[in-house]
Amino acid sequence: MVKDQRAKNIICDFDQEQFQHDLIDWFQTVQRDLPWRKDKDPYKVWVSEIMLQQTKVDTVIPYFNRFIDKFPTLDDLAAADEQEVLKAWEGLGYYSRARNLQNAVKEVAAEYNSKVPDTSEELASLKGVGPYTKGAILSIAYNLPEPAVDGNVMRVMSRVLLIDDDIAKSKTRRIFEDCVKEVIPETNPSDFNQGLMELGALVCTPTKPSCLLCPVQNHCRAFSEGMQQDLPIKTKGKKQKSVKYMAFLLVDTDGNYLIEQRPDKGLLASLWQFPMAPLAETDEEHAGNWFTQVYGLKIDSLVKVDTIKHVFSHLIWEIDVFAGAIVSGGLTSERAKFVSRKELESYPFPVSHQKILKHID
DNA sequence: AAGACGGGGGC
DNA sequence: GCCCCAGTCTT
């Protein structure tokens with residue numbers, strides 16, 4: 001390995017112009033026909049890049065199409081109701097992306113005459129726009145030679161240049177940005193950056209990379225040394241903690257269901273859910289009392305209808321779902337309310353509670 | 001620098 | 001079950 005070499009020195013040995021040409025030529029030939037590639041509207045590029053954070057292309061495509069259908073322009077999104085934006089994001093995860101995006105879009109509408117900024121400083125000041133997204137917008141929408149280093153780019157370049165820095169470390173991204181800054185061509189930074197990412201997605205994959213089909217195989221030090229399977233270096237994360245809940249699927253005498261809005265900050269912020277009791281606070285025996293204390297309502301005939309295990313990136317929910325009926329009392333919780341089966345459809349629910357919702361029909 | 005923040009899919 | 005994915009924000 002090249003532990004003691006600086007990335008910069010490695011790049012000096014590297015045929016940058018031929019690499020650029022081979023990569024761009026390949027990208028222009030085989031690139032996928034993706035909805036956000038139909039035009040270079042900076043707003044659409046922006047939306048796509050936010051959705052694509054930590055999310056696969058195949059997952060994003062239907063969300064992107066629906067989202068642009070609903071909010072065709074930056075001003076449409078700026079004027080939208082936040083709950084409507086969250087509903088459009090429902091199931092995509094990392095919901096702060098949606099909130100930050102709309103926040104930033106409002107900023108652009110108000111301060112930049114609804115035109116997405118084309119400078120590094122202005123973009124970086126927007127909520128939810130970090131080093132990657134900033135570079136992606138500048139290069140893809142404005143064709144400016146800025147690095148856009150994501151997981152794909154780190155994987156590809158770690159192999160091409162045999163870089164063994166730990167890509168799980170936050171500082172490592174800068175090493176790859178320095179690499180890309182040196183290699184990115186002034187003439188076509190858009191196709192170059194997209195080519196790096198497309199290559200990472202289609203050829204230079206995490207496991208079993210298709211090196212025999214690779215357009216830059218000739219430039220790849222990992223391939224020439226048979227190291228492609230060992231790069232990039234990435235240390236492992238920690239295991240998730242498990243948290244147990246009881247969830248309540250409750251109907252009142254009018255056939256309406258009790259739901260509540262989650263806090264405005266933290267996990268699944270502002271989304272809606274069926275009431276849940278942490279089993280750290282109560283147990284199945286005392287669930288009725290716990291519920292009455294928190295919501296001011298008495299319930300009857302609780303029956304366990306399901307057990308749900310839902311895995312997040314940093315924790316696991318284990319939910320025992322109980323169905324029952326409200327028999328008396330007045331609702332005391334500010335963020336809870338009763339809604340009809342039909343009205344339920346318009347509220348954004350996390351996937352874990354969409355599983356609970358299935359027990360209604 | 002490390003943890004919070006979703007969900008789906010590959011093997 | 002573990003790993004990965006077109007990352008960013010907070011602490």
Side-chain angles (χ1 to χ4, degrees), chain A residues 27 31-32 34-37 44-64 86 89-101 103-104 123-137 139-141 147-156 166-174 176-177 180 190 193-202 204-209 229 232 234-241 243 262-263 265-271 273 308-317 348-355:
Chain A
F27 176 69
Q31 65 168 297
R32 290 169 290 179
L34 301 174
W36 46 90
R37 287 180 177 161
K44 291 179 196 164
V45 171
W46 185 4
V47 169
S48 73
E49 292 303 339
I50 300 296
M51 286 187 171
L52 285 161
Q53 288 169 10
Q54 301 292 285
T55 312
K56 291 229 163 70
V57 164
D58 288 342
T59 302
V60 167
I61 289 173
Y63 280 93
F64 177 84
L86 284 173
W89 211 270
E90 181 186 59
L92 199 50
Y94 287 140
Y95 298 93
S96 64
R97 290 184 296 176
R99 189 195 317 279
N100 288 338
L101 174 61
N103 180 309
L123 283 172
S125 76
L126 297 171
K127 280 272 198 318
V129 179
Y132 165 74
T133 305
K134 179 185 69 172
I137 293 173
S139 61
I140 298 173
V149 173
D150 66 346
N152 282 318
V153 174
M154 288 197 281
R155 184 172 57 257
V156 170
D166 181 1
I167 66 167
K169 305 277 186 195
S170 35
K171 62 189 301 187
T172 302
R173 195 200 68 249
R174 290 214 315 109
F176 290 94
E177 283 179 345
V180 174
S190 172
N193 276 348
Q194 291 186 81
L196 280 180
M197 294 188 273
E198 195 84 339
L199 189 66
L202 299 181
C204 195
T205 47
T207 58
K208 294 195 303 178
Q229 296 277 18
K234 185 174 186 181
T235 53
K236 311 189 190 307
K238 289 181 180 173
K239 266 189 190 162
Q240 304 100 322
K241 302 258 182 185
V243 192
R262 293 180 57 82
K265 293 193 164 229
L267 183 65
L268 305 166
S270 302
L271 271 68
Q273 65 180 13
I308 290 169
K309 180 174 178 165
H310 192 79
V311 179
F312 299 87
S313 46
H314 61 301
L315 60 89
I316 299 172
W317 277 0
F349 282 82
V351 168
S352 49
H353 282 249
Q354 291 175 28
K355 295 174 186 169

Contact class for A:Val153 vs. all strands (heavy atom < 4.0 Å): base, sugar-phosphate, or nothing?
nothing

Hey, does the side chain of A:His310 come within less than 4.0 Å of B:dG6's phosphate (OP1/OP2), counting only N and O?
no

When you compare the side chain of A:Ile137 with that of A:Leu123, does any pair of heavy atoms fall below 4.5 Å?
yes

Distance check: side-chain N/O of A:Lys238 vs OP1/OP2 of B:dA2, anything under 4.0 Å?
no

Which of C:dC5, C:dT8, B:dG8 is nearest the side chain of A:Gln53? It is C:dT8

Atom OG1 of A:Thr207 and atom CD of A:Gln229: how far apart are they, to the nearest 0.5 Å?
7.5 Å

Please round to the nearest 0.5 Å and tell me the distance separating atom CD of A:Gln31 and atom CD of A:Gln194.
6.5 Å

Of A:Lys56 and A:Lys208, the one whose nearest nucleotide on DNA chain B sits closer to the 5' end is A:Lys56

Classify A:Leu92 by what it touches in the nucleic acid, base, sugar-phosphate, or nothing, heavy-atom distance under 4.0 Å.
base

Atom C1', compared across B:dC11 and C:dA6: separation rounded to whole Å:
22 Å

Whole angstrom is fine here: how far is it from CG in A:Leu199 over to P in C:dC5?
14 Å

Please work out if A:Gly91 contacts a base, only the sugar-phosphate, or nothing of the nucleic acid, heavy-atom cut-off 4.0 Å.
sugar-phosphate

Look at all strands and tell whether A:Lys265 reaches a base, only sugar-phosphate, or nothing, counting heavy atoms closer than 4.0 Å.
nothing

Name the nucleic acid region contacted by A:Trp89, choosing base, sugar-phosphate or nothing; use a 4.0 angstrom heavy-atom cut-off, strictly under.
nothing

How is A:Tyr132 classified with respect to the nucleic acid when contacts are heavy atoms under 4.0 Å: base, sugar-phosphate, or nothing?
base

Heavy atoms from C-beta onward define the side chain here; which of C:dA6, C:dC4, B:dA2 lies closest to that of A:Glu49?
C:dA6

For the side chain of A:Phe312, counting heavy atoms from C-beta on, which of B:dG8, B:dG6, C:dG1 is nearest?
B:dG6

Pairing annotation in dot-bracket form, given for DNA chain B with Watson-Crick or G-U pairs under 3.5 Å and | for cross-strand partners
|||||.|||||

Do A:Ser313 side-chain and B:dG6 base share a donor-acceptor contact under 3.5 Å?
yes

Report which part of the nucleic acid A:Leu101 touches: base, sugar-phosphate, or nothing (heavy-atom distance under 4.0 Å, all strands).
nothing

Let me check something: any side-chain donor-acceptor pairs from residues 126-134 of chain A under 3.5 Å, sequence neighbours excluded? List them with distances.
unit_1	atom_1	unit_2	atom_2	d
A:Tyr132	OH	A:Glu49	OE1	2.5
A:Thr133	OG1	A:Gln53	NE2	2.9
A:Lys134	NZ	A:Ser120	OG	3.2

Starting at CZ of A:Arg97 and ending at P of B:dG6, how long is that distance when rounded to a whole Å?
9 Å

Atom CH2 of A:Trp46 to atom C1' of C:dT8: distance rounded to whole Å?
14 Å

Report the residue (A:Arg173 or A:Lys309) whose heavy-atom-nearest nucleotide on DNA chain C is the more 5′ of the two.
A:Lys309

When rounded to the nearest Å, what value does the distance between C1' atoms of B:dG6 and C:dC3 take?
16 Å

For A:Lys169 and A:Tyr94, find the nucleotide of DNA chain B closest to each by heavy atoms; which residue's nucleotide sits nearer the 5' end?
A:Lys169

For A:Thr207, which contact category applies under a 4.0 Å heavy-atom criterion: base, sugar-phosphate, or nothing?
nothing

For the side chain of A:Trp46 and the backbone of A:Ile50, is there at least one donor-acceptor N/O pair under 3.5 Å apart?
no

Position toward the 5' end of DNA chain C (nearest nucleotide), A:Arg32 or A:Asn100
A:Arg32

Counting only heavy atoms from other residues, nucleotides and ligands, does the tally under 6.0 Å from CZ of A:Arg37 exceed 12?
yes

To the side chain of A:Thr133, which of C:dC5, C:dA6, C:dT8 is closest?
C:dT8

Is there a donor-acceptor pair closer than 3.5 Å between any side-chain N or O of A:Asn103 and the backbone N or O of A:Arg99?
no

Just call it for A:Arg262: base, sugar-phosphate, or nothing, with non-hydrogen atoms closer than 4.0 Å on any strand.
nothing

Below 4.0 angstrom from OP1 or OP2 of C:dG7, is there any side-chain N or O of A:Gln54?
yes

Donor-acceptor pair under 3.5 Å: do we get one between A:Thr55's side chain and the base of B:dG7?
no

CD1 of A:Ile50 versus P of B:dG6: gap in Å, rounded?
15 Å

Nucleotide B:dG6, atom P - distance to CD of A:Glu90 in whole Å:
14 Å

Looking at C:dC2, B:dG6, C:dT8, which one has an atom nearest to any side-chain atom of A:Lys239?
C:dC2

Does A:Tyr95 have a side-chain nitrogen or oxygen under 4.0 Å from the phosphate oxygens OP1 or OP2 of B:dG7?
yes

Interatomic distance, CD@A:Gln240 vs NE2@A:His314, rounded to 0.5 Å, equals 9.5 Å

Which nucleotide wins on minimum distance to the side chain of A:Glu198, given the candidates C:dA6, C:dC5, B:dG6?
C:dA6

Short side-chain N/O contact from A:Arg155 to OP1 or OP2 of C:dC4, under 4.0 Å:
no

Would you indicate, yes or no, if C:dC3 has its OP1 or OP2 atom less than 4.0 angstrom from a side-chain nitrogen or oxygen of A:Lys236?
yes

Tell me: CG of A:Leu202 to P of C:dC5, nearest whole Å?
14 Å

Starting at CD1 of A:Ile61 and ending at P of B:dG8, how long is that distance when rounded to a whole Å?
16 Å

Output for pair (A:Leu315 CG, A:His310 NE2), nearest 0.5 Å, gives 9.0 Å

Test of understanding: with side chain to side chain contact (heavy atoms under 4.5 Å, CB included), list the residues that count as partners of A:Thr55, not counting sequence neighbours.
A:Thr59, A:Val60, A:Leu92, A:Arg97

Side chain of A:Val57 (C-beta onward), nearest among C:dC4, C:dA6, C:dC9:
C:dA6

Mind calculating the distance between CD1 (A:Ile316) and C1' (C:dC2) to the nearest angstrom?
12 Å

Is A:His314 near enough to B:dG3 that one of its side-chain N or O atoms lies under 4.0 angstrom from OP1 or OP2?
no

Please pick, from B:dA1, C:dT8, C:dC3, the nucleotide with the shortest atom-to-atom distance to any side-chain atom of A:Ser170.
B:dA1

Ignoring hydrogens and geometry, is there a side-chain-to-backbone donor-acceptor pair from A:Glu90 to A:Pro350 under 3.5 Å?
no

Is the phosphate of C:dT8, meaning OP1 or OP2, less than 4.0 Å from a side-chain N or O of A:Arg99?
no

